[in-house]
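Single-structure report; data block below.
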Amino acid sequence: MQTTELDPTLSDALNKARQPGLTLVIGNKNISSWSMRPWVAAVAFNIPFTEVRLLLDQPDTATNIANYSQAGRVPVLLAGEMTIWDSLAICEYLAEQFPDKHLWPQDVAARAMARSITAEMHSGFASLRNDMSMNIQASLPGRGRTPGAQADIGRICEIWEECLARFGHHEYLFGDFSIADAFYAPVVTRFKTYGVALAPALQAYCERVLAHPAVARWVREAMLETDPTPLHDADLPRA
């Protein structure tokens, strides 16, 4: 995987991104949970791509993102002349283009469950997102525990327990690492940041996710970032 910072000449950067192959446009690794999901999926399954990282919370962030997608958000996948935005759409595209890599579970029942819990993660858990926002570098034990966030934590634990019991066999949610695990990986980092106490089996699952090479690499690179994110930091829960 190659990494490219945004060129000051935006048109040049976009032309480079449109070269043959896949280009994944992401935000800061420390805070961009949506960027983390397809990035982890692609790296976990050895799908080659060029990375373009755009800094969030900057005066020119919206303009820079607009050069890649009018949706105004990251991540964005450029595949030749195609533009695919939205993390789940990107992962589905990768699963279609690389069927031999089995990004989804091969068993029909497991695949249906994996898609269901991934869609639930994609569309739900608003309180967890708002009250316990992702910040890999931070340590905020006990903060953000609003009733809504606590309810979301409870539901996520239910999902993990069911998947691990039915399909996981004490490994990942469906045995082998899948898109579903990639989608819940940012939640795992949140639980670490905010010191969420979990049942031993669920804590062990989180540790396995954090140890996965793709997730560990994202976290390692997030920890090295020094980019200011004032808007995000202002939203972090306080003591």
Side-chain angles (χ1 to χ4, degrees), residues 1-58 60-106 111-112 114-115 118-119 121-123 134 174 176-186 212-222 225 227:
M1 183 196 74
Q2 299 176 345
T3 301
T4 303
E5 292 290 340
L6 184 62
D7 194 295
T9 306
L10 294 175
S11 59
D12 289 347
L14 186 54
N15 288 336
K16 291 176 182 178
R18 288 294 188 188
Q19 292 176 356
L22 300 175
T23 296
L24 184 62
V25 183
I26 63 171
N28 308 53
K29 290 180 177 173
N30 184 47
I31 64 171
S32 186
S33 59
W34 291 111
S35 297
M36 182 181 184
R37 294 177 168 104
W39 189 100
V40 164
V43 172
F45 288 94
N46 298 309
I47 297 172
F49 64 94
T50 297
E51 173 190 311
V52 173
R53 189 175 71 104
L54 306 181
L55 300 184
L56 306 180
D57 281 4
Q58 305 300 312
D60 58 352
T61 295
T63 300
N64 290 340
I65 294 175
N67 280 275
Y68 295 95
S69 170
Q70 295 304 309
R73 298 179 183 276
V74 290
V76 179
L77 182 70
L78 306 178
E81 295 302 314
M82 290 187 295
T83 300
I84 304 134
W85 62 96
D86 181 89
S87 57
L88 184 53
I90 292 170
C91 286
E92 289 284 14
Y93 176 81
L94 296 177
E96 289 177 352
Q97 295 301 305
F98 300 92
D100 58 314
K101 293 184 179 291
H102 305 299
L103 276 72
W104 290 115
Q106 296 184 65
R111 187 165 63 251
R115 281 196 159 109
T118 299
M121 181 74 257
H122 187 257
S123 61
M134 182 167 125
F174 297 91
D176 295 330
F177 194 86
S178 72
I179 289 172
D181 298 289
F183 258 70
Y184 282 87
H212 188 283
V215 177
R217 179 176 169 183
W218 177 280
V219 170
R220 184 169 61 251
E221 294 175 5
E225 289 184 340
D227 313 298

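Counting heavy atoms from C-beta outward, Glu221 and Trp39 have side chains that approach closer than 4.5 Å. Two residues are said to be in side-chain contact when any heavy atoms from C-beta on lie closer than 4.5 Å; Leu94 and Leu22 meet this criterion. Proximity of Pro38 to Leu77: side-chain heavy atoms (C-beta onward) are nowhere separated by under 4.5 Å. Contact of the Ile90 side chain with the Leu24 side chain is registered, since non-hydrogen atoms from C-beta on lie closer than 4.5 Å.
Under a 3.5 Å cut-off, the side chain of Thr61 and the backbone N or O of Leu55 do form a donor-acceptor pair. With Ser69 contributing its side chain and Val76 its backbone, the two residues share no donor-acceptor pair below 3.5 Å. Formation of a donor-acceptor pair under 3.5 Å by the Asp86 side chain with backbone atoms of Leu88 is found in this model. With Asn30 contributing its side chain and Ala222 its backbone, the two residues share no donor-acceptor pair below 3.5 Å. Judged by distance alone, with hydrogens and angles left aside, the side-chain atoms of Arg37 form no donor-acceptor pair with the main-chain N or O of Ser87 at under 3.5 Å. Gln106 places no side-chain N or O within donor-acceptor distance of the main-chain N or O of His102, the cut-off being under 3.5 Å.
The residue from Lys29, Arg220, Arg53 that alone fulfils the salt bridge (charged side-chain N to carboxylate O under 4.0 Å, His left out) condition with Glu225 is Arg53.
No side-chain donor from either of His212 and Asp181 sits under 3.5 Å from a side-chain acceptor of the other.
In this structure, Arg73 places its CZ atom where only 12 or fewer heavy-atom neighbours from other residues, nucleotides or ligands lie under 6.0 Å away. Shown here is Trp104, whose CH2 atom has more than 12 heavy atoms of other residues, nucleotides or ligands within 6.0 Å.
Using the six-membered ring where Trp is involved, His122 and Trp34 have ring planes that are perpendicular, over 60° apart on the 30 and 60° scheme.
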